[in-house]
Amino acid sequence: MAAPKKGRSASAQSKPGRSLALILIAIVALTGGMFLSGHTTPRLGIDLAGGTSITLEAKADQGSAINKANMDTAVEIMNRRVNGLGVSEAEVQTQGDRNIIVNIPKGTNSKEAREQVGTTAKLYFRPVLASEPTGSAASDSPSPSATGSSTASPTPSTSASAGEKASSSASPSASATSQGRAVTDALKADPSPSASASASASASPSASASDAATGEAALQATYTSLDCSKASVRAEAGEGAKPGDSTVGCGEIQGVWYKYLLGPAAVDGTEVDKAQAVYDTQTAAGWQVTMDFNSKGAKKFADITAQLAQNQDPQNQFGIVLDGEVVSSPYVSSSITGGQAQISGSFTQEEAQNLANMLSYGALPLSFQEQSVTTVTAALGGDQLHAGLLAGAIGLALVVIYLVAYYRGLSLIAIASLLVSAALTYVLMALLGPAIGFALNLPAVCGAIVAIGITADSFIVYFERVRDEIREGRSLRPAVERAWPRARRTILVSDFVSFLAAAVLFIVTVGKVQGFAFTLGLTTVLDVVVVFFFTKPLMTLAARRKFFASGHKWSGLDPKSLGAKPPLRRTRRPAGTAAGPVETKEA
């Protein structure tokens, strides 16, 4: 019985179309996903699209360690600040363990951006003096129910004058108010217009009354004209207000923006020990937020809630103000003592957790030191993108010229493989932009250019192995299969080293260098995919064509030009000799 043949697999040669069909289906599917997502071009980084890049380094100078929780919370708060600038496609992300990179494209004013993101976030509990919806919803929006994150619309007389008839329990005259605060006597023992007692003591009674009237009029005018439906107005609302001053703010309730007139800060966010979202299963109240205050904050919170509980809506509410925005405005029905409080309302789990995070980390224990600020104009970014694409085109053209001159017909397989690799790289870059925030910057373009050489090198390794087999006297079809195992091993080792270098570079570096490392690693992985699922099957199919199989002089596989030895054959056994092993010899 004849022994089974060893060596090449029949399926590897007879069905290379399966591998080609698989990679072509993958390209079509990814391309379809790209068009369906609406992101048909890669997202450009600051150095190509133009904009401002700010690098901040965390400093543990306020008694807290730099950890992932604080860094992630800082990113969330800075995102809120950047969005307040009204820009699109802003990007805030951590880099390494201590750095935060803020990228604001389209040439946003760097000074304004630095003022927004470079300072430590502040959280305050302020009493609500008046509130009402703004924008198009102001005329037809119903008064919301009194929930943990809602306010009630003030009456027309209240919105007209915050200092008159604002509360049934406390309605001092305008002359007795401080900076338009209608409930001064209920919130602060000192009714002077200044936040500091020493300043009011040094001023004469007539001057104090004049300053109070002026401050009240200015604040009332600001509140009256405030339109929180505009992002640019929200970004400036309450800007520069001190904790001891009354101010204005904006907050969103069920998709409607409300404006607020707020009293001086009664409790600082740093006096909240912890806050967490819990689900109340006993009273069916749903998701709630519980707060624990330190000893100092507990006393302040008990005092302010005792005063607010005596007022009517909306002056029985306190606004939780984070960086000038009212993130919640729960009402108070009774004095809250014991250092613990609970905010209930129609919260979803996500809303409750977000509010708990803001209460826990609104006043960050970390400060940030500005490391660098880079501003690139859109024109300069366009020039850099043009230069990068030109460099890539020149590099690709040189590789193609070399392949055509040296490998001739085989260059068709190499060029087709390069095109497939380029298509996969482009589609994946376009999809990774919205998926993981990948931005194509200038170093990333350099990584893609370097990848052209890495990809071409894999083809060259395989082609040279095939040509070596032909030099040994084998025909093309067995040469293609015998060359593949050794070429495959070399390609995998080479790509593994490149990927390892890219991974190490991505981990240990920060900033734009990571773009180079990411692109280099991505294209290295794609090189393996293309060589295994496209180049090798295509080479197997080409070996069946007469042009290549016959060793045409323009195929790049001409045995004569390669200096091939005569074909291998087995020597005949002389007549009369005993049967024995026959050695394979070269003629």
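Screening residues 24-48 for ring-ring contact (aromatic ring centres under 6.0 Å, His included), with sequence neighbours left out, gives no hits. Sorted by first and then second residue, the ring-ring contact (aromatic ring centres under 6.0 Å, His included) pairs with a member in residues 411-461 read F438-F518; sequence neighbours excluded.
Between L520 and V450, some side-chain heavy-atom pair lies under the 4.5 Å cut-off. Taking 4.5 Å as the limit, some side-chain heavy atom of R486 sits within range of a side-chain heavy atom of E469. With contacts defined as side-chain heavy-atom distances shorter than 4.5 Å, the pair K68/T94 does not qualify. Residues I415 and V400 are in side-chain contact: their nearest non-hydrogen atoms beyond the backbone lie under 4.5 Å apart. Using a 4.5 Å heavy-atom threshold, the side chains of L418 and L403 count as touching. Using a 4.5 Å cut-off on side-chain heavy atoms (C-beta onward), S494 and D457 make contact. A 4.5 Å side-chain heavy-atom check between T455 and V530 finds every atom pair outside the cut-off. Within the 4.5 Å cutoff, the side chain of R467 has heavy atoms near those of the L557 side chain.
No donor-acceptor pair under 3.5 Å is formed between the side chain of E325 and the backbone N or O of C250. Between the side chain of S411 and the backbone N or O of Y407 there is no donor-acceptor pair closer than 3.5 Å. Between the Y462 side chain and the V480 main chain, a donor and an acceptor come within less than 3.5 Å of each other.
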_Could you walk me through whether L492 and F532 satisfy the side chain to side chain contact (heavy atoms under 4.5 Å, CB included) test, starting with their C-alpha distance in whole Å, then the side-chain angles of each, then the deciding distance to 0.1 Å, before giving a yes or no?_
CA-CA 10 Å; L492 288 176; F532 274 70; 3.9 Å; yes
*asked:* Quick one, D495 with S458, criterion side chain to side chain contact (heavy atoms under 4.5 Å, CB included). Give me CA distance, side-chain angles, the key distance, then yes/no.
replied: CA-CA 9 Å; D495 284 343; S458 298; 4.0 Å; yes
*With side chain to side chain contact (heavy atoms under 4.5 Å, CB included) as the test, would you mind laying out the steps for F534 and L22 before giving the verdict?*
CA-CA 9 Å; F534 187 82; L22 182 62; over 6 Å; no
*Determine, step by step, whether F463 and M539 satisfy the side chain to side chain contact (heavy atoms under 4.5 Å, CB included) criterion, reporting the C-alpha distance in whole Å, the side-chain angles of both residues, the deciding distance to 0.1 Å, and the verdict.*
CA-CA 9 Å; F463 293 161; M539 192 69 183; 4.1 Å; yes
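We find the OG-CD1 distance between S421 and I23 to be 8.5 Å, quoted to the nearest 0.5 Å. To the nearest 0.5 Å, atoms CG (D227) and OG1 (T134) are separated by 5.0 Å. Separating the CD atom in E481 from the CG atom in L476 is a distance of 9.5 Å, to the nearest 0.5 Å. Here the CZ-CZ distance, from R488 to R465, works out to 12.5 Å after rounding to the nearest 0.5 Å. Here the CD-CG distance, from E464 to D468, works out to 6.5 Å after rounding to the nearest 0.5 Å. Atoms CG and CG, on L541 and L20 in that order, are 5.5 Å from each other to the nearest 0.5 Å.
Minimum heavy-atom separation, T523 to A451: OG1-CB, 3.0 Å. Residue V399 comes nearest to I452 through the heavy atom pair CG2-CG2, 4.0 Å, listed as atom of the first residue, atom of the second, then distance. Residue R408 comes nearest to S555 through the heavy atom pair CB-C, 4.5 Å, listed as atom of the first residue, atom of the second, then distance. A pairwise comparison of heavy atoms in P16 and P537 identifies O-CB, 3.4 Å as the closest pair. Contact between P42 and L440 at its shortest, heavy atoms only, is CB-CD2, 4.2 Å. Nearest heavy atom pair, residue A543 against residue R477, reads O-CG, 3.5 Å.
Counting non-hydrogen atoms of other residues, nucleotides and ligands closer than 6.0 Å to CZ of F548 gives a total above 12. Other residues, nucleotides and ligands contribute only 12 or fewer heavy atoms inside 6.0 Å of the CZ atom of R18. Other residues, nucleotides and ligands contribute at most 12 non-hydrogen atoms within 6.0 Å of the CG atom of D97.
With 3.5 Å as the limit, one finds a donor-acceptor pair spanning the side chains of T535 and S417.
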